[in-house]
Amino acid sequence: MNARRVITLFLTLSAGALLSASGRVAPGVPGAAATSDVRLKTISTRVGAAGASLVIEATEPVGYVATRPDPLTVALDFRNVDATGVANRVAANAIGPIAAVAVEASEWLGAPASRVRITLSQPVTHRVRSNRNTVVIEFDRFDRPSAKAPAAAVGSVALGSTSGGGAADALKALEIAQSPAVEPVAAETVSRAPRPSSSGVTRFGQAAALQQPATPGQGDQTARRFTGNLVSLDFQGADLRAVIRTFAEISGLNIVIDPQVMGSVDVQLREVPWDQALDLILRSNKLGYAVDGTIVRIVPVTVLKAEADERLALAKAEQDAALNASPVERMTLQLSYSTGAQIVELLRSGNILSTRGQAFVDARTNTLIVTDVQERLPGVTALIASIDKPQPQVEIEARIVQTNKTYARQLGVQWGFNATPANDVLLGGRIAGGTAVQGPNATSTAVNQPVGGATSAVGIALGSVNGTFRLDAALSALEASGNGRILSTPKVSTVNNVQAEMTQGIQIPIQQVANNTITVNFKDAALKLLVTPQITASNTVIMNITLENATPDFGRQVGGIPPINTQRALTTVLVNDGQTTVIGGIYTSTTTNSRTGTPGLSGLPLFGWLFRRDVIDDQNTELLIFITPRIIRG
């Protein structure tokens, strides 16, 4: 269409203005507007510093349709509004852009209407607003650049245009609106504060604010693109079918409305693409549309879904009929790396076989046997070719490092004495300090706090001058320290996504007696590694790891059964090929202080140590677990 052809559409349709088709045609005037209680009174102009305004005053709020068929013409149609006797007070003004105003009879949506045609001297931007009983058309000054380009200047469709391409452009707009995930065309939307009128129909006053459109996809799962001309709509209680017919006039489309389409519309939109407005109205009323050539069919979405289901059922029936008419063929394939049972499960659950297809496997030779129509056999071959491939292997090496540090110190003392009275017969023998003996003279022990297995000892023998009383003392001490390191390195290889297990150790028999029956169960005390590797496309390895290190402690056995010291790690890690990661670390520190002594005497200040034994035991244990995967490709 001609690039200079510009149109801006403003629709303000109330229930009465849209639906009322009653009224009388003015006598003697062919095609004149219907005479009714609503009529136009005066048309005047106002000129100010910002521009000029045309004011159309009616007896009550009226609905209108504003069009701009070319840059120098603006037309307003008032449906079922009488313009007989209107006072046209407009004269050309050298300051303003309005050159002339004419009042004509017209027709809109099958009903008589009155048209006010405005001729401009310059193609300036205009805006239309309503305020109670008046409709105001505002024009910018023509001696300065326009602050806002005419709306919908590109790709617009003029009403009643015969230039061709209008319906095609509208159909293209509908197709674009149906396409998901496309950036919407940037457009300005106008939001005006509503003002109630005396007729109960919401009108819009002078309060206006420009807003940018919302971010694509907000509030809707599918981002859509709308390219229709910008329109402004004000419907309250309007008949849904009549509103849809209005879009037929706007877009030039051939629209067929399903008989099930019923209801009313309440909507207020300002300067939005007409295809977006239509889409919103249809979705709000659970309606959809189907495009058939140059005809757009408006129907409830339930009807569209039912028709789609019928088409799918018909297509399936035709497909089943074709399958039943085709002969069944047999194909055998020997599998190399996959198991037949796995392939059979994929064929049955992956919608690869038809309803007549079957799959079997010969476990002895791992051969797959498939019977189906010829059309489905290539899909079976393609699936097996993509799956039956050698899988890379992964070697997993685990290193378990356990270190022990011990320190022990013991200090003990022993005292013994013998006494022989001068008159040995009268006293009946000697007096001893205990039943045990110690020291080189085998003196009885009165204070017995020795160190077991002492590596150092000092003995002191004391006696009287006449030999009737002897006193022996022995001091013993032990200090020991040690460092130990245990290194275990289990290593195992497995195919990608297949679990591997490695165990090394002993099994401890455990007897259980029940009903005079002895049952022996074995408990593992071993180093065990279970790992399932998964090779990723980025040459890394995801590993599900269970690592357990269990050792028996025969030094603390109970009933001949030793307890089991266990270190265990269960984790999932992501490691690069050939790199090492630490999956666990345990540090244990144990310190024990003990003291035994003679009651009362062991607590004496300064001398208490002569009557007690002190033991200090310090143990430190550290455990580290390292994992290294290596991908082995054939």
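Note that the coordinates shown come from a computational prediction; the quantities given were computed from them, not determined experimentally.
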Which atom pairs, one a donor and one an acceptor, fall under 3.5 Å between side chains of residues 513-521 and the rest of the protein, sequence neighbours left out?
unit_1, atom_1, unit_2, atom_2, d
T517, OG1, N515, O, 3.3
N521, ND2, Q512, OE1, 3.4

message: So I561 and Q557, do their side chains get closer than 4.5 Å, heavy atoms only?
response: no
- prompt: Is there side-chain contact between M543 and T572, with at least one heavy-atom pair below 4.5 Å?
  reply: no
message: Between N544 (side chain only) and P533 (backbone N and O only), is there a donor and an acceptor less than 3.5 Å apart?
response: no
message: Counting C-beta onward and ignoring hydrogens, is there a side-chain heavy-atom pair between T406 and S481 closer than 4.5 Å?
response: no
query: Measuring from S326:OG to E375:CD, what's the distance to the nearest 0.5 Å?
result: 4.0 Å
query: Among pairs that include at least one residue of residues 339-350, which meet side-chain hydrogen bond (donor to acceptor under 3.5 Å, both in side chains), considering only residues two or more places apart or in two chains?
result: T339-Q342
- line: Residue pairs meeting salt bridge (charged side-chain N to carboxylate O under 4.0 Å, His left out), one or both in residues 327-344, sequence neighbours left out, come to none
task: Return the minimal non-hydrogen interatomic distance between S493 and A500, and the atom names on each side.
output: O-CB, 4.4 Å
- prompt: Run the side chain to side chain donor-acceptor pair (under 3.5 Å) check on T621 and T588 step by step: do they pass?
  reply: CA-CA 5 Å; T621 302; T588 304; 5.8 Å; no
message: I need the full list of salt bridge (charged side-chain N to carboxylate O under 4.0 Å, His left out) pairs touching residues 376-396, with sequence neighbours left out, sorted by first then second residue.
response: E395-R630
Contact list for residues 574-588, test salt bridge (charged side-chain N to carboxylate O under 4.0 Å, His left out), sequence neighbours left out: none
message: Strictly distance-based, threshold 3.5 Å: is any side-chain N or O of T367 a donor or acceptor partner for the main-chain N or O of A363?
response: no
message: Using the salt bridge (charged side-chain N to carboxylate O under 4.0 Å, His left out) criterion, which residues pair with R556? Sequence neighbours excluded.
response: D553
- request: Look at R612 together with D614 and state whether they make a salt bridge at an N to O cut-off of under 4.0 Å.
  value: yes
statement: Residue set satisfying salt bridge (charged side-chain N to carboxylate O under 4.0 Å, His left out) with K523, at least two apart, ordered chain then number -> none
statement: The reported gap from CZ in R633 to CG in N496 (rounded to nearest 0.5 angstrom) is 9.0 Å
message: I'd like to check the side chain to side chain donor-acceptor pair (under 3.5 Å) partners of T532; sequence neighbours left out, ordered by chain and number.
response: none
message: Check whether R356 reaches the backbone of P327 with its side chain - one donor and one acceptor, N or O, closer than 3.5 Å.
response: no
message: Tell me every residue that passes side chain to side chain donor-acceptor pair (under 3.5 Å) with K405, counting only those two or more places apart in sequence or in another chain.
response: none
message: I need the minimum non-hydrogen distance between L368 and F360, along with the two atoms involved.
response: CD1-O, 3.3 Å
- request: Over all heavy atoms of both residues, which pair between F626 and V401 is shortest? Give the atoms and the distance, please.
  value: CE1-CG2, 4.3 Å
- request: Apply side-chain contact (heavy atoms from CB on, under 4.5 Å) to the pair T551 and I564, showing each step before the final yes or no.
  value: CA-CA 5 Å; T551 57; I564 298 176; over 6 Å; no
- line: salt bridge (charged side-chain N to carboxylate O under 4.0 Å, His left out) filter on R399, not counting sequence neighbours, yields none
- line: Taken to the nearest 0.5 Å, the spacing of I542 CD1 from Q534 CD works out to 4.5 Å
Qualifying salt bridge (charged side-chain N to carboxylate O under 4.0 Å, His left out) pairs with a residue from residues 505-520, counting only residues at least two apart or across chains: none
task: Under the side chain to side chain donor-acceptor pair (under 3.5 Å) rule, what do N576 and T540 come out as? Steps first, then yes or no, please.
output: CA-CA 4 Å; N576 291 330; T540 59; 5.2 Å; no
query: Of the non-hydrogen atoms in A359 and L347, which two are nearest, and what is the gap between them?
result: CB-CD1, 4.0 Å
With E307 via salt bridge (charged side-chain N to carboxylate O under 4.0 Å, His left out) - residues at least two apart: R297
Which atom of N366 lies closest to which atom of S338, heavy atoms considered: ND2-O, 2.8 Å
- line: Between the OG1 atom in T489 and the CD atom in E397, the distance rounded to the nearest 0.5 Å is 6.0 Å
